[in-house]
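Down below is the structure, laid out as C-alpha cells.
Keep in mind that this is a model prediction, so the values were computed, not measured. Only this structure's heavy atoms are used, side chains among them; waters, hydrogens and symmetry mates stay out.
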Amino acid sequence: MAEFKASNVDEAIRIGLEEMGLTREEAVIEVLEQGGFLKKAKVSIEKKPGAADTVLDFVRKIAEYLEADCRYEATESEDRVTVLISGDEAGKLIGYRGDVLDAIQYIASVILNKEHKDYKRVTIDCENYREKREESLKKLAERLADKAVRTARKVRLEPMNPAERRVIHAALQANPDVETV
C-alpha cells in the first residue's frame with residue numbers, strides 16, 4: 001500500500017496509478033483526505049489481490065488452523081491457479097485418501113470464482129500426493145482387472161470421487177477383456 005498526495009483527489013489517484021503501473025480496475029483506492037484550501041488531498045492505493053493470492057491466502061489460513069508448518073508455491077495462468085504445498089507437516093492437509101485436500105481445493109475454487117468474474121480451475125497438491133494417488137489407482141485398476149478376468153466375475157470398487165473414477169476408467173479403457181461401468 002502506498003500513499004499519494006496532490007492538489008485534488010483525482011490528481012492524487014492519477015499520480016499513484018501511474019507510479020504503481022496500475023489501472024483503476026487493478027487497484028484498491030481509498031481516499032484518506034479530501035484536501036481543500038491550503039491542504040493537499042491524500043489517497044492510499046494498493047494492488048488488488050490476484051487469483052493466486054486469493055487461493056494462497058485461503059490455503060495458508062487453513063494450514064495455520066491445522067497447525068501445519070508448510071511452504072507454498074502458487075502459479076497462475078489464464079484459466080488455472082495451481083498451489084503446491086510442501087513441508088514436514090504438509091501431510092495434515094492431505095487427510096484420509098486426500099479427502100481434506102479435495103475439500104480445501106473445492107472451497108478454494110468456490111471462494112476464487114465467487115470473487116473473480118472469469119472462471120479459473122483450482123488445483124491444490126500437497127507433497128505430490130495427486131500424482132502418487134493416480135499411480136496407485138492405475139495399479140489397483142490393473143490388479144482388479146486381472147482378478148475379474150481370472151475369476152470371470154464382476155469386481156466392485158469402493159466409492160470414489162469423480163476424478164478418481166476417471167483415472168480407473170482411463171486406465172482400463174484399452175483393455176479389451178474388461179468393461180468399466
Side-chain angles (χ1 to χ4, degrees), residues 1-36 39-134 160-167:
M1 178 173 23
E3 293 181 1
F4 300 93
K5 291 182 179 181
S7 57
N8 61 51
V9 172
D10 290 335
E11 183 67 15
I13 291 172
R14 188 190 62 72
I15 291 169
L17 291 175
E18 268 183 28
E19 278 189 34
M20 295 180 76
L22 300 173
T23 65
R24 276 190 179 263
E25 294 77 32
E26 298 171 324
V28 176
I29 301 169
E30 181 182 355
V31 178
L32 302 174
E33 294 177 15
Q34 285 291 332
K39 190 174 183 183
K40 290 192 174 212
K42 186 161 107 176
V43 296
S44 166
I45 300 176
E46 67 180 302
K47 186 176 188 224
K48 280 185 184 174
D53 298 326
T54 302
V55 172
L56 202 53
D57 184 48
F58 171 72
V59 171
R60 281 189 174 126
K61 286 177 183 173
I62 295 295
E64 184 179 307
Y65 180 78
L66 294 174
E67 297 177 356
D69 185 26
C70 303
R71 291 177 303 282
Y72 312 92
E73 180 185 326
T75 56
E76 182 177 350
S77 67
E78 186 136 338
D79 63 341
R80 176 182 299 268
V81 174
T82 303
V83 176
L84 303 176
I85 306 168
S86 60
D88 294 338
E89 297 178 334
K92 292 179 180 180
L93 298 173
I94 296 173
Y96 178 71
R97 294 198 177 152
D99 60 349
V100 174
L101 191 60
D102 289 341
I104 292 170
Q105 180 174 292
Y106 174 75
I107 295 170
S109 178
V110 169
I111 290 169
L112 174 67
N113 290 303
K114 180 185 78 138
E115 292 182 7
H116 292 81
K117 58 186 169 200
D118 297 328
Y119 179 82
K120 288 193 182 224
R121 185 178 178 97
V122 175
T123 303
I124 300 176
D125 198 1
C126 190
E127 292 289 331
N128 210 20
Y129 171 79
R130 296 204 184 276
E131 186 177 318
K132 292 174 189 172
R133 177 70 174 155
E134 185 174 330
M160 296 179 184
N161 66 41
E164 291 180 343
R165 283 196 305 273
R166 204 172 303 116
V167 170

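- When all heavy atoms are compared, the tightest approach of Ser44 to Met1 is OG-SD, 2.7 Å.
- To the nearest 0.5 Å, the span separating CZ on Arg97 from CD1 on Ile94 amounts to 14.0 Å.
- Here OG of Ser109 is found 9.0 Å from CD1 of Ile124. Values are rounded to the nearest 0.5 Å.
- When all heavy atoms of Ala52 and Val81 are compared, the pair lying nearest together is CA-CG1, 3.8 Å.
- Taking Glu18 as the reference, Arg14 meet the side chain to side chain donor-acceptor pair (under 3.5 Å) condition, with sequence neighbours excluded.
- Applying the salt bridge (charged side-chain N to carboxylate O under 4.0 Å, His left out) criterion to Glu46, with sequence neighbours excluded, gives no partner residue.
- Listed by chain and residue number, Glu164 satisfy the side chain to side chain donor-acceptor pair (under 3.5 Å) test with Arg133 (two or more places apart in sequence, or in another chain).
- A distance of 9.0 Å separates CG of Asp125 from NZ of Lys132, quoted to the nearest 0.5 Å.
- In this structure, the side chain of Arg71 does not engage the main chain of Ser86 through any donor-acceptor pair within 3.5 Å.
- With sequence neighbours excluded, the residues forming a side-chain contact (heavy atoms from CB on, under 4.5 Å) with Ala90 are Cys70, Ile85, Cys126, Glu127, listed by chain and number.
- Atom CG of Leu66 and atom CG of Leu93 lie 5.5 Å apart (nearest 0.5 Å).
- For the pair Arg130 and Asp102, the salt-bridge criterion is met [side-chain N within less than 4.0 Å of a carboxylate O].
- Partners of Asp69 according to the side-chain contact (heavy atoms from CB on, under 4.5 Å) rule, which considers only residues two or more places apart in sequence or in another chain, are Glu89.
- Sorted by first then second residue, the side chain to side chain donor-acceptor pair (under 3.5 Å) pairs that include residues 51-62, not counting sequence neighbours, are Asp57-Lys61.
- Here Glu67 pairs with nothing under the side chain to side chain donor-acceptor pair (under 3.5 Å) rule; sequence neighbours left out.
- For the atom pair NZ (Lys42) and NZ (Lys40), the distance works out to 12.5 Å, reported to the nearest 0.5 Å.
- The shortest non-hydrogen separation linking Tyr72 to Ala68 is OH-O, 4.4 Å.
- The minimum heavy-atom distance between Glu76 and Ala51, with the atom names listed, is OE2-CB, 3.4 Å.
- Here the CD atom belonging to Glu134 is positioned 10.5 Å from the CZ atom belonging to Arg166, to the nearest 0.5 angstrom.
- No more than 12 heavy-atom neighbours from other residues, nucleotides or ligands sit within 6.0 angstrom of OH on Tyr65.
- For Ile107, the side-chain contact (heavy atoms from CB on, under 4.5 Å) partners are Phe58, Ile111, not counting sequence neighbours.
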Taking only distance into account, with no hydrogens and no angle test, what donor-acceptor pairs under 3.5 Å do side-chain atoms of residues 27-35 form with protein atoms, sequence neighbours excluded?
none

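- With a 4.5 Å cut-off on side-chain heavy atoms, Glu26 and Lys48 do not count as touching.
- Contacts of Glu73 classified as salt bridge (charged side-chain N to carboxylate O under 4.0 Å, His left out), with partners at least two apart in sequence or in another chain: none.
- Put simply, the side chain of Asn8 gets close to the backbone of Glu11: a donor and an acceptor are under 3.5 Å apart.
- At a threshold of 4.5 Å between non-hydrogen side-chain atoms, the residues Arg24 and Ile13 count as touching.
- Annotation for Ala41 and Ala12: closest pair O-CB, 4.3 Å, computed over non-hydrogen atoms.
- With sequence neighbours excluded, the residues forming a side-chain contact (heavy atoms from CB on, under 4.5 Å) with Arg80 are Ser77, Thr82, Arg121, Thr123, listed by chain and number.
- For Glu19, there are no side chain to side chain donor-acceptor pair (under 3.5 Å) partners at least two apart in sequence or on another chain.
- The 12-atom threshold is not exceeded at NZ of Lys5, counting heavy atoms of other residues, nucleotides or ligands nearer than 6.0 Å.
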